[in-house]
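So the structure is just underneath, and the comments pick up after that.
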Amino acid sequence: MAKLIHEITDESLETGLRGIPVGYCVTSRVDPQEGLFYHDKPIKELTHYSPEAVLYFLHSCNLETGPGLQSFLEDLKKRATLSRESKDAIAALPRRLHPMEMFSAALLIVGGLEGKNNYREDCLDIIAKLPEIVACVINHHAGWSEATKSNPELGYIENFVQMLSIPGDIDKVAFCEFLRLFYILHMDHGGGNLSAFTGKVIASGLSDMYMSLSGAMCALAGPRHGYANQQALEFVKEAHARLGDYPNEKDTETFIRDKLMKKELIYGFGHAVLRVEDPRATIFYEFAREHVPNHPLVKVALRIREAGTKVLKEDPKVACPYPNIDAMSGTLLTALGFPYPDYYTVLFGLARSAGIVMQIVYERMIARGGKGTPIVRPKYFYKPKGTC
Ligand code: MLT
């Protein structure tokens with residue numbers, strides 16, 4: 001006998017399916033009070049592991065550093081090479097595309113030229129090839145030199161960073177340390193986040209993994225989703241320009257109140273599911289205090305963390321007056337020597353793709369006793385013109 005798990009009323013309509021259950025997610029979940037868990041592990045606990053170990057954990061549910069992980073990594077290394085044809089096709093894309101358009105197009109190119117039309121195989125191939133795909137996209141878009149040869153032996157993030165032809169001096173050790181954390185925190189966020197959901201919707205029509213992920217990345221590109229990390233940085237920069245290097249509590253609050261009065265958004269705050277400060281944001285704030293406490297933008301962002309929460313809490317209509325992951329990620333990328341905001345959503349996508357492709361494998365190959373979920377086809381009510 002089926003049990004009722006959610007009542008749908010007319011008030012549930014046109015709310016972006018907010019809170020309405022539609023399926024199972026076998027990789028992660030988001031608790032409104034406790035935040036993100038990969039399987040049964042709170043995200044904070046996983047920050048003590050390598051990105052590769054967390055990737056393997058998300059994929060297999062095994063948190064081990066022994067033979068299971070080693071053979072998973074060996075397999076990824078064999079799959080990592082991107083063909084010359086794919087690289088040339090990415091390098092031929094018009095440079096005036098937005099980096100997320102280019103990323104999404106690059107996924108279609110690689111899928112068309114190297115895809116196996118097998119969700120399980122393509123899932124692993126994509127995870128393995130992504131560092132090179134993303135490095136090619138960023139280098140080409142930025143007009144930097146072509147990526148140096150991929151060397152997966154270096155480590156997933158280390159290989160990605162060595163392929164980026166970042167100009168000038170950058171402390172690659174510090175940047176890699178942050179990017180390893182960034183990658184772990186962004187890998188997955190439950191089944192209903194827009195990019196994962198979009199990817200699964202596209203795959204439900206049996207489009208292949210690359211097309212599904214390409215569409216998911218288009219969803220991630222929106223300002224209400226992955227592009228918010230770039231906007232949150234702009235917000236911090238604007239506050240810095242107005243408040244200077246040593247912002248005090250009162251002036252920061254005034255800055256936020258002015259924004260609200262002008263009906264502008266307070267970027268980096270609020271979340272569709274969370275009702276506390278996003279534990280991923282808390283981890284970033286701790287990282288910032290430990291590694292770059294004196295960077296002017298970090299100081300401003302830390303002030304905004306407190307002032308934003310205080311001011312937003314005054315409005316009872318604000319469901320989540322707390323910082324989310326985007327509040328600090330762009331500021332940290334800038335403070336750690338990667339001041340290229342155009343690529344921040346692409347970095348988010350590099351990480352989030354892992355969770356998305358794993359979720360697609362579940363829905364296509366495992367759900368409903370292996371039959372897979374049917375094509376997504378929700379019901380809409382007709383609304384006659386004139387009543388809208
Ligand atoms: C996030 O990482 O917070 C998201 O992808 C947004 C969400 O979970 O809806």
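When a ligand or atom number is given, it counts from 1 through the structure's own listing order. Keep in mind that this is a model prediction, so the values were computed, not measured.
For the pair Arg29 and Phe37, the cation-pi test (distance below 6.0 Å, angle within 45°) is passed.
Residue-level proximity to ligand 1 for Met187 is absent, since no heavy atom of it falls below 4.0 angstrom.
Under a 4.0 Å criterion applied to the non-hydrogen atoms of Arg352, ligand 1 contributes the atoms 1 (C), 2 (O), 4 (C), 5 (O).
Using a 4.0 Å heavy-atom cutoff, His225 is listed among the residues neighbouring ligand 1.
Of all protein heavy atoms, the one closest to atom 6 (C) of ligand 1 is His271 NE2, 3.6 Å. When only non-hydrogen protein atoms are considered, atom 8 (O) of ligand 1 lies nearest to His189 ND1, 2.6 Å.
When only modelled atom types and interatomic distance are considered, Thr373 and Arg364 share a side-chain donor-acceptor pair under 3.5 Å.
Salt-bridge check for Lys44 with Glu286: passed, with a basic side-chain N closer than 4.0 Å to an acidic carboxylate O. Here Glu158 does not pair with Lys172 in a salt bridge; the nearest charged N to carboxylate O distance is not below 4.0 Å. Salt bridge annotation for Asp75-Arg79: present, with a cationic side-chain nitrogen under 4.0 angstrom from a carboxylate oxygen.
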